[in-house]
Trainee: 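Can you read through this structure? Questions will come right after.
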Amino acid sequence: MGKALRPSSWLMLLYLLPGLSIYSFVVLVPIFSAFRYSFYSWTGGPKRSFIGLDNYVEIMRDHVFWQSFLNNGLMTVYGLIGQVGLAFLFALFLLSRAVRFKALHRTISFFPSTLAPIIIAFLWTLIYNYNYGLLNEGLKLLGLERLAQSWLDLSGPIVLLVSIPLSWQNIGFYTLLMLAGLSAINKEVLEVAELDGATGFRKAWYVIIPLAKPTLMVASLLCIANNMRGFEHIYAMTGGGPGNASSVMALYAYDTSFLRFRYGYGSALAIAIMALTLLIILLSAFALQRKRSTDGGGS
Amino acid sequence: MKKWQAVLSVSVTCAMLMNGCSNEAETSNGSKSADGQVSIKLMHRYQTSNIGKSPEDTAVLDGVERFKKDHPEVEIVEEQLQNEDYSIKAQALAAADDMPDVFIVPGSWMTNFVANGIVLPLNEELDKRPEWRDGYRPGTLDAGTRDGSVYGIPIAAGPTHLIYYNADLFADIGYDHFPKDWDEVMDAGSKLAAKGINLFSYGDKGKGYALSSWISALTDRYNGPAWTESILAGNGAAFTDAGFIQAITTMSNLSKSGYLNKDMNSVDGDTMVSYYFEGRSAAFVSGIWSAMNVVNNAPDNVKNATKVAVFPAAPGGKGNPLASSGGAGVYYSINAKIKPGPKLDAIMTLLEYMTGSQSAKLMAEVGGFPAFDPGQFDSAKLHPIALAAYEASAAADATKIFDLWFDASIVEVINTEIQSVMSGARTPEQMAEAVQQAYKTFLSKR
């Protein structure tokens, strides 16, 4: 911006003030107070006692928390495949000439993203239902009745089962993101690639993916962040059950604070979740960026 | 220069915003309104929309109305919330030390609220009203009492464990009564399974049903009440003792044999009851609160066939085979900031209206089981199922409801582990180990 057009710093600050004050009130203040509470033993009343780092020491030994962390990790992996990966394929299909009614596909695939997570969870609880569920009915129609299960009662694949609704919900959003990224690719490059004989899979792999890397990266980071703080679906579908099989970090922190009245430890968990999520995002951003720069050097 | 100005102005704004909030909180805490009239802020989870459907809501809210009529000089600011909403709001207010004058406290919160000085000891006030104080059924004040001080006035009582069974379905497999021992239970289970019917429907999605309606009563069948007392006192009993493991094994066997619905951990209590209504199961285990649900909502053929029983005696068990886990679970408590005086008097009178003799009679007449003994009441209008549940409740020796008495940290572990056991992912022994571990941690902190 030209210096002449630039408002004075005071004015800028004034413009920013409403947003900034709301932001600090609803985001920064709670985070700082959670950080403070994390050093206390606090059961939710006026009485608190300072216990230093004890809460954090307990987190290190808390196997339920680490199991929840692993579940978050697993959900992230499923998310990267089922949300970002599939969305990329969808976007490629939607861009190809073979597909008709593109606007319709776009709208319908985006539709689940507009629903509240609780509604999605309720829908999928019904789909998975043992007696009336769509899934079991479908299996019956296919003559695979012996495969019918009470799906949400299976401890083994439960994380996968609760990840599927998440993918179903978010795939449309990522597809839109990919479409935006892909349509920014210079058409001439694609045409030249086609003239050179790169079609289908080869075009996608050697031309589109490298060019769409920034979009893929943003989508992946968003997906990681979303899955690390996953809560609503699990809360409504399984409550973390059976046992702790589908527990995630945010749900565990919630239970700790509001069912066990351990607000101090719950705050420490919240801080730990934030730290772990930041760490993972930084690590993956670093890894993705490095890959991009080595790719760039190679070409 | 500019930077610190920016920081300063932002922080000043924040401070102003927060200040605004805390001011608001303080003014709402005033105890008397301007003209000296007594005003009581009441927050509870009984709702006008439930009158006629739920005995507790009917009786308590009737008490509020009667009080308003008899004491027009007292203003009542009432807030009715749903169960879930109530828990969230009450906990937030407690954390902010901003509770209303009178509020509901589930027994399982009581230790925490007493430790934090949120609730007022009521012994002195109750001693001024001996007739009311002594009218409560034995044991119903216990879960609201800590170290001899009474912190809560109970509302309803009654067992958390009763078996509602469809006598027709049992007659079809040759039982003219509910199975008298566990061999008969398993035999009935297999005969029903052959017809494609589950012996019990079971719904523990909410994590808590198993402990409240099954484990509390079943453990008592094996171990007797002395074990529970020993656990509570911390003098010797352990969750790894044979009786507790046997109780869990009994449940696990029902699940393993396929006598429960497959989706037992992913459906809630409502679905569990509807499976019974649909004839998918021959019985379900639940508290007295389900009696009116059966009366109001079951199809006629199921309603007419429904009878009430309790778990049979355990082989070699030390408990009374007629006992059921019971007692009051939910209390009215008073804000610790209230000082003796006209306001406290008015609150105590209000509580007597809401939970005392007249309210208790009404609650019993519409199918509830009040904590205050109503004595004789007009049972003519009661449906036989409700009457049977009432009589079973009155006859049952009330044993402790574990989720009200055990520390929340232990309750959580039991609630979580039982799901794993019922789904077959863990064994009863592993569960016992895990619970014992949590119990040891709890004892070491005490």
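Numbered from 1 within each chain, the chains take letters A, B, ... in sequence-line order.
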Trainee: So which part of Arg262(A) gets closer than 4.5 Å to some heavy atom of chain B, the side chain, the backbone, both or neither?
Mentor: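 Contact with chain B involves the side chain of Arg262(A) alone.
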
Trainee: We want to know whether Asp153(A) and Ser423(B) form a side-chain donor-acceptor pair, criterion being a heavy-atom distance below 3.5 angstrom.
Mentor: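 Absent: no donor and acceptor within the cut-off.
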
Trainee: Heavy-atom pairs under 4.5 Å with chain A are the metric here; pick the option from Ser409(B), Ala92(B), Ala94(B) that has the most.
Mentor: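 Heavy-atom pairs under 4.5 Å are most numerous for Ala94(B).
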
Trainee: Considering non-hydrogen atoms only, spot the tightest contact between Asn244(A) and Ser420(B) and give its length.
Mentor: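 Answer, listing the atom of Asn244(A) first, then Ser420(B): N-OG, 4.4 Å.
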
Trainee: Measure up the Phe113(B) and Phe261(A) rings against each other and bin them: parallel (under 30°), tilted (30 to 60°), perpendicular (over 60°).
Mentor: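 Plane angle over 60°, so perpendicular.
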
Trainee: Would you mind telling me which of Glu417(B), Lys205(B), Gln419(B) has the largest number of heavy-atom pairs within less than 4.5 Å of chain A?
Mentor: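 Greatest number of close heavy-atom pairs with chain A: Gln419(B).
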
Trainee: Can you tell me if CD on Gln82(B) sees more than 12 non-hydrogen neighbours from other groups inside 6.0 Å?
Mentor: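 No, CD of Gln82(B) has 12 or fewer neighbouring heavy atoms, counting only those of other groups under 6.0 Å.
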
Trainee: Heavy-atom cut-off 4.5 Å, strictly under: side chain, backbone, both or neither for Thr43(A) against chain B?
Mentor: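 For Thr43(A), the contact with chain B is made by backbone and side chain together.
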
Trainee: Do you know which of Glu278(B), Lys262(B), Arg280(B) makes side-chain hydrogen bond (donor to acceptor under 3.5 Å, both in side chains) with Asn131(A)?
Mentor: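 Of the listed residues Glu278(B), Lys262(B), Arg280(B), the side-chain hydrogen bond (donor to acceptor under 3.5 Å, both in side chains) partner of Asn131(A) is Arg280(B).
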
Trainee: Roughly how far apart are Thr416(B) OG1 and Asp255(A) CG, rounded to 0.5 Å?
Mentor: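 Separation between the atoms: 7.5 Å.
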
Trainee: Distance from Asn112(B) atom CG to Lys47(A) atom NZ, nearest 0.5 Å?
Mentor: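 Going from CG on Asn112(B) over to NZ on Lys47(A), the span is 11.0 Å.
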
Trainee: So for Tyr130(A), is it side chain, backbone, both, or neither that comes closer than 4.5 Å to the heavy atoms of chain B?
Mentor: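 For Tyr130(A), backbone and side chain are both near chain B.
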
Trainee: Could you look at Gln91(B) and say if it's the side chain, the backbone, both or neither that has a heavy atom under 4.5 Å from chain A?
Mentor: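 Both backbone and side chain.
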
Trainee: Against chain B, label Tyr37(A) side chain, backbone, both or neither, depending on which of its atoms sit under 4.5 Å from a heavy atom there.
Mentor: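 For Tyr37(A), there is no contact with chain B at all, as no heavy atom is under 4.5 Å.
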
Trainee: Does any backbone or side-chain atom of Trp151(A) lie under 4.5 Å from a heavy atom of chain B? Answer side chain, backbone, both or neither.
Mentor: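 Neither the backbone nor the side chain of Trp151(A) comes within 4.5 Å of chain B.
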
Trainee: So, the side chain of Lys207(B) versus the backbone of Pro242(A): is there a donor-acceptor pair under 3.5 Å, distance only?
Mentor: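 Between the backbone of Pro242(A) and the side chain of Lys207(B) there is no qualifying donor-acceptor contact (under 3.5 Å).
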
Trainee: Taking atom OH as the centre, does Tyr56(A) end up with more than 12 heavy-atom neighbours from other residues, nucleotides or ligands that are less than 6.0 angstrom away?
Mentor: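 Check passes, neighbour count above 12.
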
Trainee: Which one wins on heavy-atom pair count under 4.5 Å against chain B: Gly241(A), Ser257(A), Gly156(A), Gly239(A)?
Mentor: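 Most heavy-atom pairs under 4.5 Å with chain B: Gly241(A).
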
Trainee: Does any heavy atom of chain A fall under 4.5 Å from the side chain of Met264(B), the backbone, both, or neither of them?
Mentor: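 Both backbone and side chain.
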
Trainee: Taking atom CZ of Phe231(A) as the centre, does the number of heavy atoms from other residues, nucleotides or ligands within less than 6.0 Å exceed 12?
Mentor: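 Yes.
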
